[in-house]
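Proteins get letters first, then strands, A, B, ... in listed order; numbering begins at 1 in each.
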Amino acid sequence: MSRSMEKIVALCKRRGFIFQNSEIYGGQNGFWDYGPLGTELKRNVRDCWYRDMVSGHNELVAPKTAPAKYQMVGVETALIMNPQVWKCSGHYDLFHDMMVDCRESKSRFRLDQIRCRWVSFKDATVKQDDTGTELSKVMVTSTAEDFHEDMTSEALRVFGQKKKYADKLQWDGAATTLDKVDVSEFATVVAPGASKAGTLTAPREFNLMMKTIIGALGTDDDAAYLRPETAQGIFVNFKNVVDSSRVKLPFGICQVGKSFRNEITPRNFTFRSREFEQMEIEFFCRPDESAGWYKYWRDTRFQWYQDLGVSKDRLLLRDHHADELAHYSVGTADIEYAFPFLDAGEYGELEGVAHRGDFDLRSHMEGKLTKNAAGELEVELNEDGKPKHRGSGKDLTYFDDQAKERFLPHVIEPSAGADRATLAFICEAYHEDQQPDENGVLQERLVMKFHPRLAPVKAAVFPLIKKEGMPEKAAEIFGALKAAGLSCQFDQQGAIGRRYRRQDEIGTPYCITVDGDTLTDGTVTIRDRDSLQQDRIPADRIVEEVLSRLNS
RNA sequence: GCGGAUGUAGCUCAGUGGUAGAGCACCACGUUGCCAACGUGGCUGUCGAGGGUUCGACUCCCUUCAUCCGCUCCA
């Protein structure tokens, strides 16, 4: 991790932004706790998002860049849902891969993606890993697209034969995939690239959804999953919201909440955690208008980070290439940030904005969808020709009473990570600069330049010295700010300069100091964190002054 | 999951098979009247956790947890 990131992590702990979870017991990999200041900061991130996207949105006026006016509403759905939700959404199949590891190459494979076939070559043999037995017939494997050719070269390689003898290989049976092969035969399987047979471990379920049990006598039949994303709670409530809230297309349903994924490698501080918070919008619109809305949300969300102080230099709006798109997606863009733990030129995802077509609503109507040979989505069938995962069968179409049409809306999904956004704001705020001390000599200063809307503490109040009634007057001002609902700190400890520095380090935008003049003319100074400029204003106007600066 | 490194006070780090240290931070009192480290005094540790070797382990060995780096993975 880069030196600057280490400093940021150290600051987060030292000042109470972010702690390692269960730290006194040695921690828990992939989980993090927010301390007093981090809690304030993250709540400000959530509040800004909800206010800017939902509660503060004026549905009577189309924003300048929007194709039309639209409505926004919120929901808060349970962390645990009927398991069928995940079967239809595709998460269940995708998140239940059987994996094997190769002990020799240290690489991991999905069992159903390894092609394999029995082969022998005259008198040549292949050594077996554990026992050292020489095997005359082994199963070769391939993960290549053109697996027939790849298996041929693998077979020649392990038998130590030249390319020209390819036609001397004796194949036995048809090529299949490794998930169809009994584990007892793994000792004869040569893993891709391996020099010996039998280097694969027994297959293990790799469950990326967190499993839990419902009911006190829970058995495996009562398994349920903590949601791996908040979006499905919105889709399954689509009909409820339409029926109960008088919303008309186009409109968005939003949700902020926790999600859980068994990340293989939690890494990079809070960036990849196993428990994390999402801020998601599912925006429903007419299919023929979806392209315009996709562009609108992409640009709107990109701008949001900049409005809260993230420099455009470290932000990237990256459109996915066609071959990078998920199978359901018509178009996807990532909003990415140049986190300090990444190499120069690399970016980490803050938010994905995806055009999902009607994939999600249709899945919950008809059942799990898959792409057919023609590239069209259709319900995935099992061996019996029945749907692999049956949908709800409920009609989730929308009736447009202006156009007198019934159709399945298309969806634009801006899906943001609250913890990732919080981390980006922390990284972005971190500054080391130099400011003159009382003798005019430059001194190092550590300052968190949070946008005032995000700052965990909005103002600090100091009596210049601890006597002559200054603490009492300062306490009065502190009380007034608190009564206005502002997060504030009171500090009379140590030299005034040190107190300013303490506040700089936690990103407090304004410091108010009661001094000798306050007692005679009733004015106090208000100091700006970034410019260090001080203005004298009447003490009884301090609340409105702070509020107006916060909102400017 | 694999390999390597690391784990000592709130932070940054010394340390030795024989009773645990420094600087900073923090707290109290004093001083100070607007940009940190002035004076005096004070607090702080199951040396990551568990087990073993030893008369004795922070130190040596094993296990485990966490963090960092590389590989793998990234829906």
Worksheet item: With a 4.0 Å cut-off on heavy atoms, is A:Asn29 in touch with a base, just the backbone sugar-phosphate, or nothing at all?
Response: sugar-phosphate
Discussion item. What contact category does A:Glu468 fall into here, base, sugar-phosphate, or nothing, at under 4.0 angstrom with non-hydrogen atoms?
Written reply: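 Counting heavy atoms under 4.0 Å across all strands, the contact made by A:Glu468 includes a base.
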Worksheet item: Looking at A:Arg298, A:Arg301, A:Arg318, which hits salt bridge (charged side-chain N to carboxylate O under 4.0 Å, His left out) with A:Asp334?
Response: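 Exactly one pass, corresponding to A:Arg318.
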Distance between [atom1] atoms of [N] and [M] (Å, rounded):
| N | M | atom1 | value |
| --- | --- | --- | --- |
| B:U16 | B:C61 | P | 16 Å |
| B:U72 | B:A14 | C1' | 38 Å |
| B:A37 | B:U12 | C1' | 15 Å |

Side chain of [X] (C-beta onward), nearest among [options]:
| X | options | answer |
| --- | --- | --- |
| A:Arg272 | B:C73, B:G33, B:C34 | B:C73 |
| A:Leu464 | B:C34, B:A36, B:A66 | B:C34 |
| A:Lys467 | B:C34, B:U32, B:G10 | B:U32 |
| A:Thr513 | B:C74, B:G33, B:C34 | B:C34 |
| A:Gln493 | B:C27, B:C26, B:C34 | B:C27 |
| A:Lys466 | B:C74, B:C29, B:C35 | B:C29 |

Discussion item. I want to confirm an ordering. Mapping A:Val524 and A:Gln20 to their closest nucleotides on RNA chain B, which one lands closer to the 5' end?
Written reply: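 On the 5' side of the pair lies A:Val524.
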Worksheet entry | A:Arg499 or A:Gly30, whichever maps to the more 5' nucleotide of RNA chain B | A:Arg499
Practice prompt. Sort out the partner of B:U6 for me: Watson-Crick or G-U wobble, both distances under 3.5 Å, none otherwise.
Written response: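 Pair assignment: B:U6 / B:A66.
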Fill in: Who pairs with B:U32 - Watson-Crick or G-U, where each distance is under 3.5 Å
none
Worksheet item: Can you tell me if the side-chain N/O atoms of A:Arg498 get under 4.0 Å from OP1 or OP2 in B:C24?
Response: no
Practice prompt. Tell me, please, whether A:Phe271 has A:Arg420 positioned over its six-membered ring: NZ or CZ under 6.0 Å from the ring centre and within 45 degrees of its axis?
Written response: yes
